[in-house]
J.: 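Take this structure, written in structure tokens, and hold onto it; I'll ask about it next.
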2 protein chains.
Amino acid sequence: MLDDKQCPDCKRINEVLSRVGDRWSVLVVISLAQYGTLRFNELKRNLSISQRMLSLTLKELERDGLVNRTYHPTIPPKVEYNLTKMGESFREPVNVLGNWALDNLAKIDVSREAYDERASN
Amino acid sequence: MLDDKQCPDCKRINEVLSRVGDRWSVLVVISLAQYGTLRFNELKRNLSISQRMLSLTLKELERDGLVNRTYHPTIPPKVEYNLTKMGESFREPVNVLGNWALDNLAKIDVSREAYDERASN
DNA sequence: CATGGCGGTTCCCTTTGTGTAACCGAGGTT
DNA sequence: AACCTCGGTTACACAAAGGGAACCGCCATG
């Protein structure tokens with residue numbers, strides 16, 4: 001499997017989705033876009049994400065070049081995160097998706113109810 | 001957990017991502033957008049997706065009202081899938097995301113390489 | 001007679017995702 | 001002295017995602 005002989009675009013889309021397509025990554029980017037700069041525990045409280053997942057997510061986002069990590073060796077330590085230029089540019093696709101969500105979530109719910117009712121007969 | 005007291009938008013984004021945010025759903029929508037109407041095995045070959053995942057994905061997309069399923073009781077059976085109006089409207093967010101991917105995948109790769117090299121020292 | 005295509009469904013198994021809890025070191029607070 | 005904060009890391013456990021193979025009925029083809 002995994003030929004990818006067909007649908008060449010799919011390979012690319014698949015790649016990007018497997019990088020930034022998980023929930024936490026998107027939510028972290030949204031938070032940083034909204035607040036500019038946030039510390040580790042601020043993000044944690046804001047998203048009610050577990051410490052472990054936040055750590056993993058931020059590491060990946062930094063590795064991918066979407067998020068900037070600044071370590072202040074004070075006591076207690078202070079670590080700030082903000083979006084890179086590429087991270088900022090990711091806001092547009094996220095916003096478009098968010099708006100679509102806003103417009104269509106209700107319709108999806110209706111469709112689901114209708115489908116489930118049909119299926120129960 | 002899962003308070004969602006903070007970041008009210010996150011709840012909505014999270015909802016839509018958990019519906020149509022998985023890889024296969026996106027790829028199926030892209031394929032249908034590109035070719036108009038496809039049969040089950042055409043999609044399967046096109047995406048090199050397993051039969052099981054394609055079946056599950058299509059069922060969910062139909063339930064959500066993004067995809068239309070037309071069953072022709074011929075022999076052999078013929079089942080055609082195409083996008084609904086809502087499915088069509090989903091192309092825009094997907095395209096924006098796809099374009100972002102196209103523009104930034106290379107940069108992400110570069111960033112990853114640099115990060116990994118730094119980390120190995 | 002055996003095989004293959006169509007459109008699935010079902011079972012099993014492995015991989016991945018995600019949460020919980022404990023721990024870290026240095027210093028501040030009670 | 002005991003505990004809390006910050007920013008993590010690590011070990012463990014469980015749930016969900018997803019692939020592979022077998023099976024289904026029905027008919028056409030070899």
Side-chain angles (χ1 to χ4, degrees), chain A residues 1-4 10-11 13-15 17-28 31-32 37-64 67-82 115 119, chain B residues 1-4 10-11 13-15 17-28 31-32 35 37-64 67-82 115 118-119:
Chain A
M1 282 300 137
L2 291 163
D3 294 34
D4 290 314
C10 291
K11 205 177 69 193
I13 305 265
N14 224 337
E15 279 182 36
L17 284 181
S18 60
R19 280 156 210 261
V20 292
D22 65 299
R23 303 219 200 318
W24 291 130
S25 294
V26 174
L27 295 183
V28 165
S31 288
L32 291 178
T37 295
L38 288 174
R39 300 177 62 176
F40 186 86
N41 277 326
E42 287 175 336
L43 273 167
K44 179 164 171 270
R45 281 188 290 266
N46 197 312
L47 296 175
S48 57
I49 180 180
S50 74
Q51 203 159 7
R52 185 176 164 277
M53 286 314 297
L54 180 56
S55 174
L56 292 176
T57 302
L58 285 171
K59 226 186 295 181
E60 275 303 296
L61 287 174
E62 191 199 354
R63 182 168 179 248
D64 288 348
V67 159
N68 222 315
R69 179 180 186 272
T70 313
Y71 173 67
H72 303 277
T74 59
I75 294 205
K78 181 177 180 179
V79 181
E80 293 183 320
Y81 294 91
N82 64 319
Y115 182 95
Chain B
M1 285 300 138
L2 288 164
D3 295 33
D4 291 313
C10 290
K11 206 178 68 194
I13 304 264
N14 226 337
E15 278 183 37
L17 284 182
S18 60
R19 281 156 209 262
V20 292
D22 65 296
R23 298 208 212 329
W24 291 130
S25 293
V26 173
L27 295 182
V28 166
S31 288
L32 291 178
Y35 295 102
T37 296
L38 289 173
R39 301 176 62 174
F40 185 88
N41 277 325
E42 287 174 336
L43 274 167
K44 181 166 170 269
R45 280 188 290 267
N46 197 310
L47 296 175
S48 59
I49 180 180
S50 75
Q51 204 160 8
R52 184 177 164 275
M53 286 314 297
L54 180 57
S55 174
L56 292 176
T57 301
L58 284 171
K59 228 185 294 181
E60 275 302 297
L61 286 174
E62 190 197 355
R63 182 170 178 245
D64 289 348
V67 158
N68 222 315
R69 178 181 187 273
T70 315
Y71 173 68
H72 303 277
T74 59
I75 293 196
K78 181 177 180 180
V79 182
E80 292 183 321
Y81 294 92
N82 64 318
Y115 182 96
R118 257 177 285 143

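Just so it is clear, the structure is predicted and the values come from calculations on it, not from any experiment. Below, all heavy atoms of this structure are taken into account, side chains as well, without hydrogens, waters or symmetry copies.
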J.: To the nearest Å, give me how far apart NE2 (A:H72) and P (D:dC6) are.
T.: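 Distance check: A:H72 NE2 to D:dC6 P gives 15 Å.
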J.: Is the distance from OP1 or OP2 of C:dC6 to the nearest side-chain N or O of B:R45 less than 4.0 Å?
T.: yes
J.: Within this structure, what is the CG-to-C1' distance between A:D22 and C:dT16, rounded to whole angstrom?
T.: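 A:D22 atom CG is separated from C:dT16 atom C1' by 12 Å.
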J.: Strictly under 3.5 Å: I want the nitrogen or oxygen pairs between protein and nucleotides 21-28 of chain D, one per line.
T.:
none

J.: Would you say D:dC6 has OP1 or OP2 under 4.0 Å from some side-chain N or O of A:R39?
T.: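 No, because none of the side-chain N or O atoms of A:R39 sits under 4.0 Å from OP1 or OP2 of D:dC6.
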J.: Can a donor-acceptor pair be found, under 3.5 Å and without considering hydrogens, that links the side chain of B:S25 to the backbone of B:G21?
T.: no
J.: Could you check which residues of residues 53-60 of chain A get a heavy atom under 4.0 Å from DNA chain D? Sort them by number, please.
T.: A:S55, A:K59
J.: Rounded to the Å, how far apart are A:E42 CD and D:dT5 P?
T.: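 These atoms are roughly 15 Å apart.
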J.: What is the distance from atom CD of A:E80 to atom CD of A:E42, rounded to the nearest 0.5 Å?
T.: 8.0 Å
J.: Within the 4.0 Å heavy-atom criterion, would you say B:K78 contacts the bases, only the backbone, or no part of the nucleic acid?
T.: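 If one applies the 4.0 Å heavy-atom cut-off, B:K78 turns out to touch the sugar-phosphate alone, with no base involved.
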J.: What distance do A:Y71 atom OH and A:Y81 atom OH have between them, rounded to the nearest 0.5 Å?
T.: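 Here the rounded value is 11.0 Å.
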J.: Do A:T57 and A:E60 make a side-chain contact, defined as non-hydrogen atoms from C-beta onward lying under 4.5 Å apart?
T.: no
J.: Are any non-hydrogen side-chain atoms of B:W24 and B:L56 less than 4.5 angstrom apart?
T.: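 Result no, sub-4.5 Å side-chain heavy-atom pair not found.
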J.: If only atom types and distance count, is the side chain of B:S55 paired as donor or acceptor with the main-chain N or O of B:Q51 below 3.5 Å?
T.: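 No: the side chain of B:S55 does not pair with the backbone of B:Q51.
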J.: Could you measure the distance from the CG atom of A:L54 to the OG atom of A:S48? Nearest 0.5 Å is fine.
T.: 11.0 Å
J.: C:dG19 C1' sits how many Å from A:I49 CD1, rounded?
T.: 11 Å
J.: Measure CD/B:E80 against C1'/C:dC6 and give the value in whole Å, please.
T.: 13 Å
J.: Below 4.0 angstrom from OP1 or OP2 of D:dG8, is there any side-chain N or O of A:Y81?
T.: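 So the side chain of A:Y81 is within the cut-off, an N or O lying under 4.0 Å from OP1 or OP2 of D:dG8.
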J.: Tell me: CZ of B:R23 to P of D:dG19, nearest whole Å?
T.: 11 Å
J.: Grab the CG-C1' distance between A:L43 and D:dG8 for me, whole Å please.
T.: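 Between C1' of D:dG8 and CG of A:L43: 14 Å.
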J.: Taking the side chain as every heavy atom from C-beta outward, state whether A:L43 and A:I49 have any atom pair closer than 4.5 Å.
T.: no
J.: Rounded to whole angstrom units, what separation is found between the NZ atom of B:K44 and the P atom of D:dG20?
T.: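 Those two atoms, NZ and P, are 10 Å apart.
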J.: Are side-chain heavy atoms of B:F40 and B:L58 found at a separation under 4.5 Å?
T.: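 Contact flag for B:F40/B:L58 side chains = yes.
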J.: B:W24 has a side chain; which of C:dG8, D:dG18, C:dC6 sits nearest to it?
T.: D:dG18
J.: Classify the nucleic acid contact of A:R69 as base, sugar-phosphate or nothing, counting any heavy atom under 4.0 Å across all strands shown.
T.: sugar-phosphate
